[in-house]
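Every value quoted in this text rests on a predicted model; they were computed, and no experiment measured them. Note that the numbering runs from 1 along the sequence shown for the chain. Both counts, for ligands and for their atoms, begin at 1 and track the order of listing.
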Amino acid sequence: MRVSQMLVPTLREVPAEAEVVSHQLLLRAGFIRKTASGVYTYLPLAQRVLKKLRQIIREEIDKQGGQELLMPIIQPAEMWLESGRWHVYGPELFRLKDRHDRNFCLGPTHEEVITILIRGEVRSYKQMPLLLYQIQNKYRDERRPRFGLLRGREFIMKDLYSFDRDEAGLDISYQKMHEAYTSIFSRCGVKFRPVEADSGAIGGSSTHEFMVLAESGEAAILYCSDCDYAANVEKATTLPAAGLDPAIQQLELQEVSTPGKKTAEEVAKFLGVEPFQVIKTMFYKTDKEVVAALVRGDRDVNEIKLLNVLGALTLDLADESTVQQVTGAPTGYVGPVGLENIRIVADMEVMALVNAVVGANKQDAHLINVNPKRDFQPEIVEDIRMVKAGEPCPKCGAQLLEARGIEVGQIFKLGTKYSKALGATFLDENGKEQPIVMGCYGIGVSRTMAAAIEQNYDKDGIIWPASIAPYQAIVIPVAPKDDNQMKIAEELYKALNQAGVETILDDRSERPGVKFKDADLIGYPLRIVVGNKAVTEGVVEIRQRRSGQTDLVSVKDSVPKILEILPTL
Ligand SMILES: O=C(C[C@@H]1CCCCN1)Cn1cnc2cc(Cl)c(F)cc2c1=O
Ligand SMILES: [Mg+2]
């Protein structure tokens, strides 16, 4: 390909709406253009990167026995009514009607479609295991699409579904996908980590997210400095709290005046105790009830853990009027003592406190010498707190460190949640009907392209890992008008492509500086400059985009030299 014929509309200035680097660079380097909010057109260079990502994914998934199919984007509402999810999802689910006024949705995921397909096709244990996948557009009507391809309303996903006869089979499928994902992201040239994660509304048991480490990542990760423990902060745990100190005498409950002291820190300071001795009472509204969540004053509530402990669908902080109504006092003076018909969920650490402080459910007043069990009885005692960096690793006790990550993949053990709901069963060797055991495994393909940029850029633009670069090399003649230079450039361009190096030729009659800037902005791994020296001394300049290293090489040695460098990029 010749640059003069390509559609690569590079921009000089940074588009205002782009907040993260990958969004800015995908626009400026002419990879994408916005068609609507959260909806993009992938221009030719982006399509080439996506094609390489799809190829890497296909190779690694097929190696594990995956079979590619292609499911429809448009899905009949009946399937979602049968699974019970049609009314679970709100405006995020793109819904539409056909000409006969029948309801459909644009697929945000395909558990219903694939499970109903398998229900009709698999009858015997002999037909499993099955690993079926597709690479298809997905639709989720995000309230605030942002960060370009990192959170769009239409995006490309590889979604695989595994079908096994039992949990043992599922464990094998899950392990195979864990391996495939490790190979895929390694081959894509990104630094990533699988982390323990929360399975969210999809349900099922264990799940791992594959995170590309990047400061702009929306996910917070805690990982161990010593062992392989790593978890999304939504899920992270630490060593269990120290137990109750039996030596301490439980004192008499007492009300004290704490005018204007609301936060755990203020109250602790005012009463001369440590913040951890003040119990924080947070009221939440779920789709079913109002609950009180208790954590120590030096901790925060982990709302994902709380949601899971309650088995609720939605969880939101109760507003001030609800708190007032439930406790008779404003936030800041509320506590668990004397609460009527409100479920109390206490973090395990709270139960180890003696003579603690809580709000008195009265303006400007707190209670001291509060002892769990004696003065209030939580209905649920679980781990519902956020873990922080610096706390001990739950596996080995070493210090937990924090990082930000972009979730590019997630694998789930679904179990029989969908096969039971949709009646996908098989006959085992005793002819007994059993529900199929499923897993589901996603990779955000378009998101991975953006995540790769978030990890591979500098002040001049993108630095593509060679394995997913749109082209691997660009030949730039300094003076295209000079026939001798052009002749050498053309020959080199041809020889490189014949040697299997995906190479383009910048034949534009632009100033060299403009061509160099574009090549750096777009991020081709290698740049070969054919200038006067090529004509007078037979040497060309090979420059590596990442390191900036430049080698002067004779024209005849340039192809072997490039073949030698390329695998290291
Ligand atoms: O998609 C998954 C789980 C896995 C991820 C990997 C590939 C297979 N599915 C979870 N999820 C996320 N957002 C959704 C948004 C909408 Cl609007 C919806 F209706 C359903 C879902 C939904 O189910
Ligand atoms: Mg997730």
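- A salt bridge does not link Lys176 to Glu179: none of the charged side-chain nitrogens sits closer than 4.0 Å to a carboxylate oxygen.
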Practice prompt. Determine, stepwise, if the pair Tyr42 / Gln47 fulfils side chain to side chain donor-acceptor pair (under 3.5 Å).
Written response: CA-CA 6 Å; Tyr42 303 109; Gln47 181 59 0; over 6 Å; no
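- For the residues Arg85, Glu111, Glu92, the heavy atom positioned nearest atom 9 (N) of ligand 1 is part of Glu111.
- Counting heavy atoms only, Asp159 comes closest to atom 7 (C) of ligand 1 of the residues Asp141, Asp159, Leu93.
- For atom 20 (C) of ligand 1, the closest non-hydrogen atom on the protein side is Tyr89 CZ, 3.3 Å.
- Nearest protein neighbour of atom 11 (N) of ligand 1, counting heavy atoms only, is Arg140 NH2, 3.9 Å.
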Item to complete: Please report the C-alpha distance between Phe185 and Phe210 in whole Å, then the side-chain angles of each, then the deciding distance to 0.1 Å, and finally whether the side chain to side chain contact (heavy atoms under 4.5 Å, CB included) criterion is met.
Response: CA-CA 9 Å; Phe185 294 119; Phe210 282 74; 3.7 Å; yes
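- Between the side chains of Gln55 and Glu59, a donor-acceptor pair is found at a separation under 3.5 Å.
- Nearest protein heavy-atom neighbour of atom 3 (C) of ligand 1: Ile202 CD1, 3.5 Å.
- For ligand 1, the atoms sitting less than 4.0 Å from at least one non-hydrogen atom of Gly442 are 6 (C), 7 (C), numbered in the order shown with element in parentheses.
- Ligand 1 lies less than 4.0 angstrom from a heavy atom belonging to Trp80.
- Of the protein's non-hydrogen atoms, Phe412 CE1, 3.6 Å is the one closest to atom 5 (C) of ligand 1.
- Ligand 1 lies within reach of Tyr161, whose nearest heavy atom is under 4.0 Å from it.
- When only interatomic distances are considered, the shortest N/O to N/O separation between Gln410 and ligand 1 does not fall below 3.5 Å.
- Shown are Asp383, Asp198, Thr237; of these, the side chain to side chain donor-acceptor pair (under 3.5 Å) with Lys305 is made only by Asp383.
- At a cut-off of 3.5 Å, with distance as the only test, a side-chain donor of Ser83 or Glu112 sits close to an acceptor on the other residue.
- When only modelled atom types and interatomic distance are considered, Tyr418 and Arg119 share no side-chain donor-acceptor pair under 3.5 Å.
- At a heavy-atom cutoff of 4.0 Å, ligand 1 is contacted by the side chain of Met157 but not by its backbone.
- Here the options are Leu294, Asp298, Asp300, the test is side chain to side chain contact (heavy atoms under 4.5 Å, CB included), and the partner is Arg296; only Asp298 passes.
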